[in-house]
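Scroll down for the structure; my scribbles are underneath it.
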Amino acid sequence: MSKFTWRELLDLNDKEKAWKSSLSCIGHIDMNAFFAQVDQVRYNLSVNDPVVSVQWSSIIAVSYAARKYGISRLDTLESARVKCPHLVAVHTATFLKGERIWKSTPLGKFPSPYEHKVSLDPYRREGRKILQIFQKHCDLVQKASVDESFLDLGRLVFKVLLLDSDEVMLNEQQLEALKEIKAMYKTQKYSIDDQLPPIPKLSQDLFPAIGNVIKEEGSAFIYTDWDDLVIAIGSMLTDMMRKDVFTETKYFTSCGVSNNKSLSKIASDFKKPDTQTIIFNKAINIFLDNGCFELTDFWTLGGNKGKEVLDLLECPKFDKQSINHVRETWPVLEDLQKAMKDRYVDLSIFQKFTFPLKDCDSMCLKIFNLTRGSWKEPVNSRPLVKSMTSNKNMRGDACKDLADCASWLQVFAGELELRINELQEESNKLLIPKTISVSIRSENRSSIHSKSGPFLMGRSSMTRDEFFLLIFDTAVPLVKELDMVYKDTVYPLTGLMLTLSNFEIIGKGSTIVDMFNRPKREFKDDSKEIKLQPVAEKELKKRKTFFDSSLETKKNVEDEKDSFVCDECFKKFNDQQDLSEHKDYHFALNLSIGMNGIEKHKTILNASKLDLMTRKRLAGDQSKKKSIKDFFSPKR
DNA sequence: TACTCACAG
DNA sequence: GGCTGTGAGTA
């Protein structure tokens, strides 16, 4: 007989219960040197090219081909070139100061940090592409960062064992082996708390785990119960998904499969690249005691808190024995809790801890389980976004006054609009931020000031340009306030940051109902436009005057038929020569626009219009038509 | 709500 | 070291 019950197996079919079942099966998949892989594929390079992804002069990702030369993330571009003369250094995409769209950087080019801002958009996109592949197969995926995800494999394993699976095609022998259990399930010839029958004969041969199986050196590993079979099938599933990722994107991944998140995460990191590591329940201690990990390698224990715990539990330092030490010294939870609290009290005379005494018990519970590989947490499919920020660290005089702040805010507003739009299109949801915040940083890192306020999506329908302007318009008064208070001490800034947060996420086409049960908002299913209820009259009037004056400007310029006028931005030129040079600029711009996903037929605001708006915002209110027109006139 | 800090990749 | 992100604490 099995030591597991039907209930524990059936719980796998329930998203709420699967993670805590003793038969749980969780995968963690991690992209290897993700940015470098994205750049390698994006620039049509080969896996054998020593690619590094570069931001200014520092390296942010090192491909495995480049690692062969001993290059690490700590190298500068120069020192990496010394180690590998034919290094392929790819700079990240960038925004130009004052522009709304990012452009890929051609190979061999290195933009100046003084007038550019890095865009990580290409990587985010690829990250989402991969997430979607996981979601195509698996019903419960938690994106942990741009390049890693947790997967609750419960339902998939359940399907393989008890139903017909279309994810893993079973051969005749495999089907035959599972015939009995499937029949029992189908005919319900069991009580829920009955023990399961023994695992089928030859399970181990028929369902071999795929990947790097952790086991005791030199000894045979033998499947004995259903948890072994579940983990083995989990490894078949992650293998299948990783192969799908590879055929779709050419990206290599590493992966860990075990019964819980923290273990799978450590396992996925164990052997890289392109390898999955499988930890059967009976091999957990062997894995944790293999001399490769510390208590501080567990998620959330990597920082100060982890150090404090090592200290409080008097763990041996530098010999990777902390996990073993804690497990062997305190076989009983209560003893561990008492030991930590006693020492906490003793030490707190001399030092302050990052967590209060009352948290010791829950900390110990977690540590007690972590060191036994039995700390279980649910896989949460996380919301699309909580906040979105665009930020730049400044050097030199890159941001020396309010006008510079405004120029960078254009970039930030452009980036945020771009990213929100992308997310909306991909998820078919509307993302409506409710608060906005601007932060400035000066010389010493610690002096950061921020100002935030409500973000009012006022208009009943909003184009992308209008949304961009609204972000910019809302940000400028905030930065002006900061400028007013701190201008004597902060310039030149060492950092500027714009954050949208508190997102309301609404399914397109669905109707939100307010507290009186009336529809609050309406959306056209086929429309990408954002429709919202009107706001205060005052707010509307303010906007209207702005948009009207802007339209009028456009018209005014169009009227001047006698000169050379660009038909895209209505800028005037003295002669055909200047005009055609200017057209080249639009050609380049449009290429980027295509890349950024803005449809070409939509008008976008070009740089000269942006400058105009900056000045208007800074001037404080709507300027006269005359002066607006002046900005559109050629300089000469 | 506004702001700061810790942690992570 | 630069650029993001999240969650918790504080007033």
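Quick note: numbers below take in every heavy atom, side chains included, and nothing from hydrogens, waters or symmetry partners. Chain identifiers are assigned alphabetically (A, B, ...) following the order of the sequence lines, protein sequences preceding nucleic acid strands; residue numbering begins at 1 within each chain.
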So A:His91 and A:Phe110, would you call those rings parallel, tilted or perpendicular, with 30° and 60° as cut-offs? perpendicular
When all nucleic acid strands are considered with a 4.0 Å heavy-atom cut-off, which category describes A:Leu478: base, sugar-phosphate, or nothing? nothing
Could you tell me which residues satisfy side-chain hydrogen bond (donor to acceptor under 3.5 Å, both in side chains) with A:Asp244, sequence neighbours excluded, listed by chain and number? A:Lys136, A:His137
Presence of A:Thr354 side-chain N/O under 4.0 Å of B:dA6 phosphate oxygens OP1/OP2: no
Over 60° means perpendicular and under 30° means parallel, so classify the ring planes of A:Phe355 and A:Tyr344, tilted if in between. tilted
Do the side-chain N or O atoms of A:Lys117 get closer than 4.0 angstrom to the phosphate oxygens (OP1, OP2) of C:dT4? yes
Determine: side-chain N/O of A:Asn393 to OP1/OP2 of C:dC3, distance under 4.0 Å, yes or no. yes
Considering only side-chain heavy atoms of A:Lys392, which listed nucleotide, C:dC3, B:dG9, C:dG1, is closest? C:dC3
Taking donor-acceptor contacts at under 3.5 Å, does the side chain of A:Arg73 reach the base of C:dG2? no
Can you confirm whether or not the ring centre of A:Phe246 sits under 6.0 Å from the ring centre of A:Phe252? yes
Just call it for A:Lys143: base, sugar-phosphate, or nothing, with non-hydrogen atoms closer than 4.0 Å on any strand. nothing
Given C:dG7, B:dC7, C:dG1, the nucleotide with the shortest approach to the side chain of A:Asn304: B:dC7
Should A:Trp56 be listed as having a side-chain N or O under 4.0 Å from OP1 or OP2 of C:dC3? yes
Would you indicate what A:Leu74 reaches in the nucleic acid, counting non-hydrogen atoms under 4.0 angstrom: base, sugar-phosphate, or nothing? nothing
